[in-house]
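Report on the following structure.
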There are 2 protein chains.
Amino acid sequence: MNIGEIAKRAGVSRSTVSYALSGKRSVSEETRRKIQQVIDELGYIPNASARALANGRTSTIGLVFPPAGSHYTGMQLDFIGSVVEAAAAYDYDVLLSPSGVDSDRSFQRLLAERRVDGAILMEIRLQDDRVDHLVEADFPAVCIGRTAHPEGDWWVGLDHTALVEACVHHLADLGHTHVAFVNRPEHLLRSGYESAHRGLEGFNKAAAERGLTTRTYTCGDDAASGQGCLERILQDDPATTGLVTLNEAALGGLYRGLAVAGRHVPRDFSVTGVVAGRWAETVTPQLTAADVPAEQMGRLAVDLLVERLDHPDAAPRHHLLTPPISLRASTGPAHGRTTRD
Amino acid sequence: MNIGEIAKRAGVSRSTVSYALSGKRSVSEETRRKIQQVIDELGYIPNASARALANGRTSTIGLVFPPAGSHYTGMQLDFIGSVVEAAAAYDYDVLLSPSGVDSDRSFQRLLAERRVDGAILMEIRLQDDRVDHLVEADFPAVCIGRTAHPEGDWWVGLDHTALVEACVHHLADLGHTHVAFVNRPEHLLRSGYESAHRGLEGFNKAAAERGLTTRTYTCGDDAASGQGCLERILQDDPATTGLVTLNEAALGGLYRGLAVAGRHVPRDFSVTGVVAGRWAETVTPQLTAADVPAEQMGRLAVDLLVERLDHPDAAPRHHLLTPPISLRASTGPAHGRTTRD
DNA sequence: CACGGTCATCGAACCGGTTCGATTCCAGGG
DNA sequence: CCCTGGAATCGAACCGGTTCGATGACCGTG
């Protein structure tokens with residue numbers, strides 16, 4: 001069951017078995033066959049801990065994401081799935097590490113315990129002490145998302161600013177003048193969560209350019225909050241005829257709020273935003289949205305990390321994605337009873 | 001950075017440092033303080049691989065779930081999240097292992113490489129060679145779901161049969177006579193996927209008891225398939241006024257199909273099934289459903305696994321859950337234009 | 001005072017791999 | 001025929017922890 005046992009049964013030394021397996025030195029065809037035969041018989045597979053200890057590589061990458069408690073969004077699910085799949089293709093395993101802020105013990109441990117060769121971070125904040133620490137320690141990591149100053153980092157991100165701008169322009173082009181923005185929860189915005197900030201920035205910029213009347217909201221990551229948020233929107237400004245959202249989990253609630261208020265989508269009210277495609281398609285009418293290419297992003301993150309692990313001195317690389325808006329069925333021209341003002 | 005370095009600076013032997021850390025032998029208060037001081041200064045944290053090699057425990061559990069490619073459902077997401085969280089509470093890390101069938105190399109490796117102390121399996125099939133292998137190898141594992149003969153296994157599962165029966169009875173009590181069952185995708189049913197089989201069984205049993213006219217369908221795990229499935233249902237039997245589903249991901253599509261067909265929920269058509277609560281609440285009207293307590297199940301699975309790891313000889317334990325139906329807004333009495341037959 | 005027991009500590013062995021340097025054997029070149 | 005060099009293999013050291021047995025100091029007891 002261990003390499004010594006294999007060596008004994010094959011009548012060779014442990015090092016010869018090791019070389020036969022790794023191919024790092026030549027081994028005669030005959031002994032190689034003999035060793036392989038013994039290995040097959042016993043179903044021997046080398047112990048990962050021992051191997052990691054000896055050569056300093058664990059063949060594992062850490063996926064760092066915020067602590068549960070709060071629920072995960074569908075997008076996070078897609079990231080996790082695609083990261084695991086992409087990592088498997090490179091023969092890497094994935095260790096999940098729930099960890100919010102840097103002070104978190106489990107984050108410190110992940111690095112110091114050397115359980116992983118590198119890490120992929122999700123849910124990046126503009127000022128992110130986790131990223132700072134990783135950079136400082138020169139630990140191989142790739143962010144899904146980017147900080148305020150990502151120059152020296154490796155990352156793959158979405159241009160939330162441009163995406164939300166595009167959404168606003170889309171609504172403005174359709175003639176909407178009173179538009180709301182439904183952001184992620186307030187505590188995320190406050191803690192500097194990237195997409196919430198950059199999205200908001202894009203919204204304000206484009207709205208100013210187009211001279212729109214706007215209001216912005218934060219909204220909990222669940223249907224009930226979405227419904228409540230929509231009530232507030234119509235109460236604050238009944239003339240509102242469109243909204244842009246980043247909040248996938250609230251989407252169902254927003255739709256329900258509109259239904260309850262008797263606003264038909266898209267006739268009376270247009271909805272758009274930045275949402276993973278498969279979720280945009282579950283609501284009726286299907287959401288016109290910039291589809292978050294979560295799968296591609298997860299894959300790219302792994303590609304970058306593997307490249308960084310293979311070439312420790314490579315210059316930082318990144319991918320900034322700007323997926324187009326998929327026109328589905330949730331937006332339409334502003335007209336009818338809600339635009340009389 | 002390693003234990004020898006700490007020992008040197010503290011002026012003691014490596015073993016003393018180890019004992020000071022583990023507390024397995026007594027160490028004088030004075031040396032303990034000295035050692036702790038050095039450790040704090042250098043920020044020393046023991047290497048996980050070395051520790052695992054020496055004492056045979058990795059403090060990691062494997063979470064085995066089906067290969068990606070196919071998309072994940074929201075329920076799977078909830079399981080992953082709750083398992084990670086619960087494991088963290090016991091100081092275990094979670095290693096994700098995508099692996100479908102047993103022949104899968106990565107599944108073999110997970111065990112033989114000794115990367116994990118135990119495993120939690122998701123997506124159990126009635127005949128599951130993964131489970132067979134684990135039992136045979138006496139490897140500590142807990143299933144989320146149960147096989148056809150789970151007697152010797154450790155598992156936490158849902159009584160899908162009873163749950164679906166309850167849904168059928170609920171519809172029958174409301175006067176529905178023509179009812180459809182929307183199952184998970186056909187390939188899952190064919191491969192013996194537990195919930196698909198037991199759910200179907202419960203549906204047929206209860207429908208027979210109540211003398212209902214029924215049809216059963218398999219449906220892809222996405223909105224488009226759900227919509228297509230609903231079209232078929234109404235085409236096959238326009239008198240259908242209710243459906244029961246296990247297919248969370250298709251739910252949005254089912255609703256859309258009903259809207260397209262002009263059937264109002266719940267006035268003209270009742271929808272119910274077995275779905276995680278947070279997803280049941282995103283659709284409008286909110287789904288009356290047996291809420292899958294995914295969070296609780298993940299936590300229980302970890303509890304069981306930890307117990308099994310701590311007491312290798314303990315007798316198999318399990319939890320069979322039967323959550324009640326949450327009455328929300330998607331079911332109502334059978335009447336009106338669709339019940340004229 | 002000799003003896004037995006506890007406390008504190010150390011050195012050495014071990015976990016299961018990888019890797020370096022040395023050794024042996026053999027073929028080819030001068 | 002001797003020398004050189006590459007192929008094949010082995011033993012030993014090492015990775016960074018844990019744990020066992022031994023040792024010496026110190027204590028109380030008969």
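Numbered from 1 within each chain, the chains take letters A, B, ... in sequence-line order.
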Note: [X]-[Y] ion pair, threshold 4.0 Å (strictly below):
| X | Y | answer |
| --- | --- | --- |
| Lys34(B) | Glu30(B) | no |
| Arg299(B) | Glu295(B) | no |
| Asp40(A) | Arg33(A) | no |
| Glu194(B) | Arg146(B) | yes |

Let me know the distance between [atom1] of [X] and [atom2] of [N], rounded to the nearest Å.
| X | N | atom1 | atom2 | answer |
| --- | --- | --- | --- | --- |
| Leu21(B) | dT18(D) | CG | C1' | 11 Å |
| Arg57(B) | dT19(D) | CZ | C1' | 16 Å |
| Ile6(A) | dT18(C) | CD1 | C1' | 16 Å |
| Arg115(A) | dG17(D) | CZ | C1' | 13 Å |
| Asn2(B) | dC14(D) | CG | C1' | 12 Å |
| Glu5(B) | dC15(D) | CD | P | 12 Å |

**Prompt:** Can Ser28(B) and Thr31(B) be counted as having a side-chain donor-acceptor contact under 3.5 angstrom?
**Reply:**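 Result is yes, a qualifying pair exists.
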**Request:** Answer with yes or no whether the side chains of Tyr44(B) and Asn2(B) bring together a donor and an acceptor at under 3.5 Å.
**Result:**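 The criterion, which ignores hydrogens and geometry beyond distance, is not satisfied for Tyr44(B) and Asn2(B).
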**Asked** Counting only side-chain N and O atoms of Lys24(A), is one of them less than 4.0 Å from OP1 or OP2 of dT18(C)?
**Response**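 It does not, given that no N or O in the side chain of Lys24(A) lies less than 4.0 Å from OP1 or OP2 of dT18(C).
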**Asked** How far apart are the closest heavy atoms of Trp155(B) and Val142(B), and which atoms are they?
**Response**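 Shortest heavy-atom contact: CA-CG1, 4.1 Å.
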**Asked** Picking from Thr58(A), Leu110(A), Ile61(A), Val64(A), what satisfies side chain to side chain contact (heavy atoms under 4.5 Å, CB included) with Leu95(A)?
**Response** Leu110(A)
So which protein nitrogen or oxygen atoms get under 3.5 Å of nucleotides 8-10 of chain C's nitrogens or oxygens?
residue	atom	partner	partner atom	Å
dA8(C)	OP2	Ser26(B)	OG	3.0
dT9(C)	OP1	Ser28(B)	OG	3.1
dT9(C)	OP1	Thr31(B)	OG1	3.0
dT9(C)	OP2	Ser28(B)	N	2.9
dT9(C)	OP2	Ser28(B)	OG	3.4
dT9(C)	OP2	Thr31(B)	OG1	2.8
dT9(C)	O4	Arg25(B)	NH1	2.9
dC10(C)	OP2	Ser13(B)	N	2.8
dC10(C)	OP2	Ser13(B)	OG	3.2
dC10(C)	OP2	Thr16(B)	OG1	2.6

**Item:** Sorted by number, the residues of residues 33-55 of chain A with heavy-atom contact under 4.0 Å to DNA chain C
**Value:**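 Only Tyr44(A), Pro46(A), Asn47(A), Ala50(A), Arg51(A), Leu53(A), Ala54(A) qualify.
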